[in-house]
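Here the structure is a predicted model, which means the values were calculated and not measured. Throughout, a chain's letter reflects where its sequence line sits, starting with A, and its residues are numbered from 1.
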Amino acid sequence: MKKVVVGMSGGVDSAVAALLLKRQGYDVVGLFMRNWDSTINNDVLGNPNLNNDICPQEGDYNDALKVCEKLDIPLHRIDFVKEYWVYVFTYFLEELKRGRTPNPDVMCNKYIKFDPFIKEAKRLGAEYIATGHYARIIDDNLYKAIDENKDQSYFLCQLTKNQLSNVLFPVGELTKEEVRKIAKDNDLTVADKKDSTGICFIGERNFSEFLKNYLPSKKGKIVNIDTNEEVGIHYGLMNYTIGQRRGLNIGGNENRLFVVGKNLDKNILYVGLGSDHEALYSNEAIIEQMNFIDNKKTSKCKAKFRYRQKDIDVDVEHLDSNEMKVKYSSLKAVTPGQICCLYDGDECLGGGIIKEVYKDNKKMVFYN
RNA sequence: UGCCUCGUAGCCAAGCGGUAAGGCAUCAGACUUUGACUCUGACAUUCGUUGGUUCGAAUCCAGCCGAGGCAG
């Protein structure tokens with residue numbers, strides 16, 4: 001019997017993944033990972049769970065345990081707290097210091113779930129690993145999930161073909177609705193559990209309060225990019241991303257104010273009036289640390305610049321092995337640090353990190 | 001010191017005798033495995049203050065306080 005280790009998060013998706021694999025005749029083993037330790041990581045400010053008897057992580061473990069008991073499969077547990085800190089969280093903080101907007105969950109997949117996790121699975125004697133991701137793998141290549149609304153291939157675009165081999169995504173073939181139904185029909189306790197959101201293993205938190213634990217915040221001016229007038233005070237540039245509107249705390253305007261740029265040297269946050277402010281739009285970007293899953297370097301394809309944004313047509317110019325220039329008609333809030341993921345139809349060709357953003361051949365200088 | 005204008009929620013601002021529009025901000029939900037965006041909802045028993053006129057005032061009158069302007 002083929003052995004598979006399923007990453008159990010305590011949610012519905014991984015529970016159903018395990019169930020489906022078991023049905024298919026695999027020898028299924030659950031593995032629960034722990035990537036964050038509030039005490040070790042000095043995660044104090046803004047942590048709503050410090051005084052709880054049972055932290056959400058422990059609750060998730062218990063949920064996973066119940067599911068495994070129901071399915072009659074063993075559940076192991078492993079700590080990647082150190083690895084997460086070194087490979088994901090360090091990157092996360094470094095990017096923020098540079099004024100960029102990182103995507104930690106992409107790195108969590110690249111450096112944790114599809115690396116030490118796989119090694120642990122092998123150590124447990126498994127041939128395959130599986131997770132509850134909404135995506136599909138065909139011939140070791142990555143494809144979008146059947147359920148377009150839940151598709152998570154964007155978060156997996158930094159994986160290599162090697163990492164994708166011997167990986168199974170059972171729920172990638174199903175819609176969320178079907179997954180919930182299967183869970184319900186099989187009396188899994190997590191059938192109605194709310195989908196988890198927020199940063200991988202840290203969860204939904206007050207972002208600014210959370211950051212205060214790790215980065216000093218320097219207050220500075222908020223300047224209207226059109227009038228050059230000081231209109232407010234920001235509490236640290238790392239707390240803002242391009243296109244953001246909330247948290248500015250500036251009232252009295254006829255229209256909404258959006259973050260359109262920052263100047264790290266002068267510690268200035270630039271804002272513009274209106275959701276269609278021209279300073280938000282670009283038509284070209286340089287992507288670095290490109291990962292091509294199957295080395296398909298086309299010159300025309302689709303791209304997604306932010307999770308849950310629509311794919312748009314792009315022209316690609318390959319600069320060197322891991323940098324490329326993408327051109328597009330016009331797109332709002334393309335932000336350095338975010339991931340640009342390429343698609344050919346349903347196939348995810350790979351992705352990289354947005355490095356620089358241009359408009360009509362002019363670099364958007366405060367766009368970091 | 002005299003005259004004029006103005007004082008409505010955190011901000012901007014309608015209302016000008018009939019019982020407080022709207023926008024922004026904020027907060028809460030929805031959406032969402034990245035702080036976004038978007039959507040929905042909440043948000044002044046009260047109109048600088050005191051007194052008066054009136055069946056009834058934020059709206060009219062007077063005093064006071066405060067802001068700005070003109071004169072000196």
Trainee: Taking atom P of A36(B) as reference, at what distance in whole Å does atom CG of Leu211(A) sit?
Mentor: 12 Å
Trainee: Apply side-chain contact (heavy atoms from CB on, under 4.5 Å) to residues Asn103(A) and Tyr154(A) and explain how you reach the verdict.
Mentor: CA-CA 11 Å; Asn103(A) 187 325; Tyr154(A) 179 83; 3.6 Å; yes
Trainee: Apply ring pair (Phe, Tyr, Trp, His ring centres under 6.0 Å) to Tyr111(A) and Tyr91(A), showing your working.
Mentor: CA-CA 11 Å; Tyr111(A) 293 112; Tyr91(A) 140 85; 8.1 Å; no
Trainee: Does Arg256(A) have a side-chain nitrogen or oxygen under 4.0 Å from the phosphate oxygens OP1 or OP2 of C24(B)?
Mentor: yes
Trainee: Measure from CG on Leu248(A) to C1' on A36(B) and round the result to the nearest Å.
Mentor: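 Nearest whole value for this atom pair: 12 Å.
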Trainee: Under 6.0 Å between ring centres: does that hold for Tyr328(A) and Phe305(A)?
Mentor: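 Yes, close enough.
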Trainee: When the distance from CD of Glu95(A) to C1' of A36(B) is rounded to whole Å, what number comes out?
Mentor: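 Taking CD of Glu95(A) and C1' of A36(B), I get 17 Å after rounding.
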Trainee: When you get a sec, tell me which of C24(B), U34(B), U26(B) is the closest nucleotide to the side chain of Asn253(A)?
Mentor: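 Of the candidates, C24(B) comes closest.
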Trainee: My understanding is that a pair needs two contacts under 3.5 Å, Watson-Crick or G-U wobble. By that rule, which nucleotide pairs with U53(B)?
Mentor: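 Partner of U53(B): none.
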Trainee: Counting only side-chain nitrogens and oxygens, does Arg246(A) get under 4.0 Å of the OP1 or OP2 atom of U38(B)?
Mentor: no
Trainee: Just how far, in rounded Å, is C1' of U34(B) from OH of Tyr87(A)?
Mentor: 22 Å
Trainee: Find the distance Gln158(A):CD to U34(B):P and express it as a whole number of Å.
Mentor: 17 Å
Trainee: Send over the distance from Ile339(A) CD1 to U34(B) P, rounded to a whole Å.
Mentor: 13 Å
Trainee: Atom CD of Gln309(A) and atom P of U34(B): how far apart are they, to the nearest Å?
Mentor: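 So the two atoms are 14 Å apart, to the nearest Å.
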Trainee: Checking side-chain polar atoms at under 3.5 Å, does Ser208(A) have a donor or acceptor matched by the opposite partner on Asn239(A)?
Mentor: yes
Trainee: Compare the minimum distances between each of U34(B), C37(B), U26(B) and the side chain of Phe155(A), then state the nucleotide with the smallest one.
Mentor: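 Taking heavy atoms from C-beta onward, the closest nucleotide is U34(B).
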Trainee: Regarding Asn239(A), tell me which of base, sugar-phosphate or nothing describes its non-hydrogen contacts under 4.0 Å with the strands shown.
Mentor: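 Since a base atom lies under 4.0 Å of Asn239(A), the category is base.
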Trainee: A36(B), OP1 or OP2 - any side-chain N/O from Arg308(A) closer than 4.0 Å?
Mentor: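 False: Arg308(A) side-chain N/O out of range (4.0 Å or more) of A36(B) OP1/OP2.
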Trainee: How about Ser153(A) and Asp151(A): does a side-chain donor come under 3.5 Å of a side-chain acceptor?
Mentor: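 Yes, side-chain donor-acceptor contact under 3.5 Å.
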Trainee: NA contact type, Asp151(A), heavy-atom cut-off 4.0 Å: base, sugar-phosphate, or nothing?
Mentor: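 No contact.
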Trainee: Can you tell me the Watson-Crick or wobble partner of G7(B), both distances under 3.5 angstrom?
Mentor: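 With both distances under 3.5 Å, G7(B) matches C65(B).
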Trainee: If you look at every strand shown and take non-hydrogen atoms under 4.0 Å, does Gln244(A) touch a base, only sugar-phosphate, or nothing?
Mentor: sugar-phosphate
Trainee: Write down the distance between CD1 (Ile222(A)) and P (C24(B)), rounded to a whole number of angstrom.
Mentor: 17 Å
Trainee: Report yes if a side-chain nitrogen or oxygen of Asn109(A) is closer than 4.0 Å to either non-bridging phosphate oxygen (OP1 or OP2) of U34(B); otherwise report no.
Mentor: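 For U34(B), neither OP1 nor OP2 has a side-chain N or O of Asn109(A) closer than 4.0 Å.
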